[in-house]
Amino acid sequence: MKKYITTPIYYINGAPHVGHAFTTILGDVLKKFEQMRGNDVFYTTGTDEHGQKNQSSCQECGMAVQDFIDMRSGNFQKLFDAMKIDYDFFVHTSSQQHKNVVKDALDYIYKKGLIKKKSYEGLYCEGCEQFKKPSDLDEHGNCPDHQKAPKLITEENYFFPLEQDRQWLIDYINTHPDWIKPKRFAKEVLGMLAEPLDDLCISRPKSRVWLGVDLPFDDDFVTYIWFDALINYISSIGWKSQGDNAAFNETWAHCTHLLAKDILKTHAVYWPIMLKALGIEPPEHLIVHGYWLGEGGIKMSKSLGNVVDPYEVMDLMGIDPLRFYLCNAMSLSGDAQISIDLLKQGYKQLANNIGNLQMRVLKMIAKNLDGKVPSAAHLEAEDKALLENVANTFERIYKYGEPSLELVNELSAEILKAGDAVNAYFATQAPWVLAKDESKRERYEAVIYTTLDALRLIAVAVYPFMPSIAKKILVSLGQNDEIKAEFKPVVLKEGTQTIVGDPLFPFIA
Ligand code: MSP
């Protein structure tokens, strides 16, 4: 099956941080998970390069527009490349290809008579790039997300009415309980739909915002940033209003958007109604996550010095443990915490669990068995039960699991549980004692075999989170590093040469 996974496209008014890194890593983890199950995946990420926020930032930098876009967008791409994210397409909303699709879509909707021009007065938050209602503001009249008072703006603009599709959207959510995951966010959207929807202002006068896509029917205006940005999800896979959309339709059929809760309304309210106007079905799923906060649940900010820099983390521990921590620690019910100390704790847990197991067993067979995988001929019931338990757990998740936060949480937790169970087995069986007694040779070999084969299963299961650690383990077990979601126990062949390599998780202070 062909699957399509997207991340939000990120504003370039600042540097990428661990929040952006997370959604992009999550997409890569889900892509690998799907590929292991034999699905084809097209994965996009990228940058949102228009709008007032980026324009102000460009002006502050005093750079030529294209140089600014290239430099700032390049910072995101460099980070994602450094994190070895396997994206298939990097979106630039300033590209001609994207701009053409935005114009095509607007023109199509305009010609259908769905866009109206009118004068409007409203409170505009530049941080959100959105008009706010007084009820959206906190008790000081500030935008709760940006802690700034929005500006009162009066202008003529073009509008796209939403209200006529409100009931349709409510019905869609109620009849597609899996559309928005986790479910609590679907409830939140139904709350947003409890009141009539205001018309969406889809233009900005060029006198105020010049960094954008010209409206095809009035070049005194540019397109509202969100109307432009959301279209990336269809421009990236070649949608057009006229002609053959067969390839587009095939990819769009199984599309999952990843996003954090900050942009739920744009994705779960504006976007499906825009798509309906274009004659396109809503994306198959939205996976919504909470925020990463600093330790103690405090918002990350430069002034508090608690912003986690992905480069600093990668220098300290490499990318794989960061990926694992993020997927394991993201909460299903709220926000999650991250700090260098918390990451170090996560790293030590991996070192004590998978790292320790691999090093101990490989060193032992290097000493006593010339580094060769022993025979499986004398496995006892408890050895087989351990292997079957580990294999069945992973088999179930890979076979029936659907991409979601629950899935990455469950799979990462089961990997740690399996590691704990095999470590406990190894400690109880005490193969170092068995090794000293020639009469216990068969038992010794069975215990070593069981441990090695369990480690192999764990390596395969952990691949989406820690691809290079997974491959290192498989190579150390004398396996090739081709990864498929196959979880049969007792697969290692007797006599296979293993290799004690460097520690998987070297000591960090
Ligand atoms: N440009 C819009 C998105 C347009 S998509 C059609 C935008 N950009 S953003 O730069 O603000 O990125 C927001 C997204 O970045 C969040 O939805 C989330 O994916 C990620 N995150 C940014 N900070 C985050 C945290 N602190 N925690 C978790 N995710 C965070 O909105």
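Residue indices begin at 1 and follow the sequence shown. Quantities reported herein were computed from a predicted structural model and do not represent experimental measurements. Numbering of ligands and ligand atoms starts at 1, following listing order.
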Open item on the list: Using 30° and 60° as the class boundaries, would you call the ring planes of Y110 and F217 parallel, tilted or perpendicular?
Closed with: parallel
Open item on the list: Check the orientation of F80 and F90. Use parallel for under 30°, tilted for 30 to 60°, and perpendicular for over 60°.
Closed with: tilted
- [ ] Assign the ring pair F42 / Y4 to parallel, tilted or perpendicular, where the plane angle (0 to 90°) is split at 30° and 60°.
- [x] tilted
List of N/O pairs, ligand 1 versus protein, all under 3.5 Å?
from	atom 1	to	atom 2	distance (Å)
ligand 1	1 (N)	I9	O	2.8
ligand 1	1 (N)	D48	OD2	2.7
ligand 1	10 (O)	Y11	N	3.0
ligand 1	17 (O)	A260	N	3.0
ligand 1	17 (O)	D262	OD1	2.9
ligand 1	19 (O)	T23	OG1	2.7
ligand 1	26 (N)	W292	O	3.4
ligand 1	27 (N)	W292	N	2.8

Open item on the list: Is it the case that atom NZ in K148 sees more than 12 heavy atoms from other parts of the structure closer than 6.0 Å?
Closed with: no
Open item on the list: Is it true that Q167 and D171 share a donor-acceptor pair across their side chains at a distance under 3.5 Å?
Closed with: yes
Open item on the list: Can you confirm whether L162 sits close enough to Y270 that some side-chain heavy atom of one is under 4.5 Å from a side-chain heavy atom of the other?
Closed with: yes
